[in-house]
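Note that the structure is predicted; figures quoted are calculated from it, not measured. Numbers here are sequence positions counted from 1.
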Amino acid sequence: MKGGETHMGTKEEVRSRLSIADVVGEYVRLTPAGKGRLKGLCPFHKEKSPSFQVDTEQGYYYCFGCKAGGDIFSFVQQTENLSFGDALRKLAEKAGVQVELKYGEKSSRDLYEVNAFALAYFREHLPGPGLEYLRRRGLSDETIAAFELGYAPEGWDGLLKLARTRGVSERQLLEAGLLIENPENGRVYDRFRGRVMFPIRDHLGRLVGFGGRVLGDEKPKYLNTPETEAFKKGELLYGLDKARSGFKDGPGKEGQSEVVVVEGYMDVITMHQHGFTGAVASLGTALTADHATLLERLGAQSITLMFDQDEAGLKATLLGLDQVIGAKFRVRATSVPSGKDPADALAAGDDAGIRQALASGLDEAHYRVQAAVEKYDSGTSDGKRKILMELLPRMQNLDPLDEGAERMRTLACEPLGLKPEALFDWIAGRSKRKMLTDTHLAAMSTSHAEEDREVALLKQLLVDPSLLAKLDGSMPWRNEAVRKVMLAAQGAQSPDAILEVFRGQPEEPLLIRLMFEGRDAGTIGRANSEQYEQKVNGYAAAAVDDIQVTMSIDAMRSEVDLLKKQVSSAPLPEQLSMLKQIQELQRAIEAEKRGRRSLA
């Protein structure tokens, strides 16, 4: 039940008046999953098949993926990052029930109300120099109203005097960061004076603080609310309360999923006015892990950093970016071609420049690999080792749904000449194999790996042509010379018979070399030659088995890669089936490996 007459009530009364399906349904798209059950994509971790369920009869939710669970109160606490008291009050308002605060319970509610009082004061004083400044910067009256911009007039105590007439105490203004207290004489005065005021709301739209900008070149140009119970710079992004509406449906749903991080309040506002509604700004800090967690929960999927920097500055920004952010999102850094900041570029009519900037830029993952390759010599084993160890934190999550880690592994393989599946195996086995030896690197190399294995197989068949019967005849040969020899070898009884077919042909030198390599007895004496032949033939038979197993594993890995590419675009029912296929193929690959090791 929503609305209605407000009266004093309890937590249980709030619970009884609200449906958990309605509460959760505001954040998660739910579909039926049996009697009294609903399911959807979990809002607490990334997934492509729903593992999150709501029991409407019991009033609880549970995720079989990340193990999050609870009732309507814990759900709102987790999704909105609220204390229990604030979650209770939020739900009580929805239910039309008023609840009393317990003794000593801390709340930010008073701060929001004090900030709302200050905002009315700033808005009232906007006409005059503040409004003229904003219009000169190209903002429309509609935009000014939408972002609730105001002006703090000159004078030391305008807000303080008004507060005294409205029953707002000095202590409340100090706690909200709206006053400054002189530590020497105890005098208090307004923090914001002679500044255009930008109200700052959190992602829920709660008024947590302000930013103020001078009209001229005085210092500091910008001044923010200090850290308070409600205002925590490392957790806030200016404009997110508006930008989030574009990706409110969460990961995997339709709608805006790109966040554009710019440097200033005016950049955000002007971007929104011109239709670039994904723009937000940090409050004088670098993006933090807390920002990443919040954006991921709200459904953002990619981040573009649009800063007024040259290429060197953008590269430095990317390398200094918190790795948690790079792991959760596709990140790019870009700048406006004209060299202006976004607000000035748009005021000058350069919408095309903004669109160009958003369509280009440096990819964070790509550049991080590039920087590591430039830092070390990728032509040496030691250099490759250092590059892989530097990139390992971003590659080591082997979850098939972690697209960021998989993309980083793919990007790392190309310049290092490594096979993706071999890199995957090395990362998976690092707990048992701490060192990355030259032998491991050589085995991971892509240098004609498929054809090299085919030539190795041919060498063993030249030792004993009867082993050809072990092949099933369906193998697609990549190496043209190997293909020709395999066809000619059908029914041959000896290596000489195979060689005779290619006398004077381009394949002859290859066959002679392989025959020498396969039968090089070195300094073995005549007395031991028969024993040597037996060992060589035994090794050849084992090698044929091993090479065939390797080719089978490669085929299954190719199928896994294809399924991974298809799963994200498949309908939900098919996604579950495809994920099961991936798991079965991975188990089959491991079984093949174990079988090969047991024969070794």
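Of the residues Tyr222, Phe147, Phe210, the one that meets the ring pair (Phe, Tyr, Trp, His ring centres under 6.0 Å) test with Tyr265 is Tyr222.
Using modelled atom types and a 3.5 Å distance limit, the side chains of Asp351 and His274 yield a donor-acceptor pair. Side chain to side chain, Arg213 and Tyr133 meet the donor-acceptor criterion of an N or O pair below 3.5 Å. A donor-acceptor contact under 3.5 angstrom links the side chains of Ser140 and Thr143, judged on distance only. Checked by atom type, the side-chain pair Ser74/Asp71 shows a donor-acceptor distance below 3.5 Å.
Without hydrogens or angle criteria, Glu263 side chain to Asp308 main chain gives a donor-acceptor distance under 3.5 Å. For the pair Arg244 (side chain) and His203 (backbone), a donor-acceptor distance under 3.5 Å is present. A donor-acceptor contact shorter than 3.5 Å is absent between the side chain of Asp157 and the backbone of Tyr189. With hydrogens and angles disregarded, a donor-acceptor distance shorter than 3.5 Å links the side chain of Asp202 to the backbone of Arg206. The main-chain N or O of Gly177 is found under 3.5 Å from a side-chain atom of Arg191 such that the two form a donor-acceptor pair. At least one donor-acceptor pair under 3.5 Å links the side chain of Asp190 to the backbone N or O of Leu160. Although no hydrogens or angles enter the test, the distance criterion places no donor-acceptor pair under 3.5 Å between the side chain of Glu390 and the main chain of Lys375. Here the side chain of Gln356 pairs no donor or acceptor atom with the backbone of Val336 at under 3.5 angstrom.
Of the charged side-chain nitrogens involved, at least one lies within less than 4.0 Å of a carboxylate oxygen, so that Asp141 and Arg135 count as a salt-bridged pair. A salt bridge between Glu132 and Arg137 is absent, with no side-chain N of the basic residue lying under 4.0 Å from a carboxylate O of the acidic one. Taking the charged nitrogens against the carboxylate oxygens, Glu258 and Arg332 do have a contact shorter than 4.0 Å, which makes a salt bridge. A salt bridge links Arg164 with Glu170; the closest basic N to acidic carboxylate O contact falls under 4.0 Å. A salt bridge links Glu364 to Arg394: one of the charged nitrogens lies within less than 4.0 Å of a carboxylate oxygen. Ion pairing of Lys328 with Glu296 is present here, as a side-chain N (NZ or NE/NH1/NH2) and a carboxylate O approach within less than 4.0 Å. Under 4.0 Å is where a charged nitrogen must lie from a carboxylate oxygen, and between Arg37 and Asp55 at least one such pair does. No salt bridge links Arg89 with Glu93; every basic N to acidic carboxylate O contact stays at or beyond 4.0 Å.
Below 30°, between 30° and 60°, or above 60°: for Phe75 and Phe52 the angle between ring planes is between 30° and 60°, a tilted geometry. Taking the six-membered ring where the residue is Trp, Phe198 and Tyr238 present perpendicular rings, their angle passing 60° and hence far from 30°.
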Could you give me the CA-CA distance, side-chain angles and deciding distance for Leu173 and Val168, then say whether side-chain contact (heavy atoms from CB on, under 4.5 Å) is met?
CA-CA 7 Å; Leu173 293 173; Val168 180; 4.0 Å; yes

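Taking the six-membered ring for Trp and the full ring otherwise, the centers of Phe276 and His272 sit at least 6.0 Å from each other.
More than 12 heavy-atom neighbours from other residues, nucleotides or ligands sit within 6.0 angstrom of CZ on Arg123. By the 6.0 Å contact criterion, OH on Tyr60 is open, its count of non-hydrogen atoms from other residues, nucleotides or ligands being 12 or less. Shown here is Lys242, whose NZ atom has more than 12 heavy atoms of other residues, nucleotides or ligands within 6.0 Å.
Side-chain atoms of Val14 and Phe73, non-hydrogen and from C-beta on, do get closer than 4.5 Å to each other. Inter-residue side-chain proximity for Glu175 and Leu111 is flagged as met; some heavy-atom pair is nearer than 4.5 Å.
Cation-pi geometry between Lys67 and Tyr62 is not met at under 6.0 angstrom from the ring centre and within 45 degrees of the axis.
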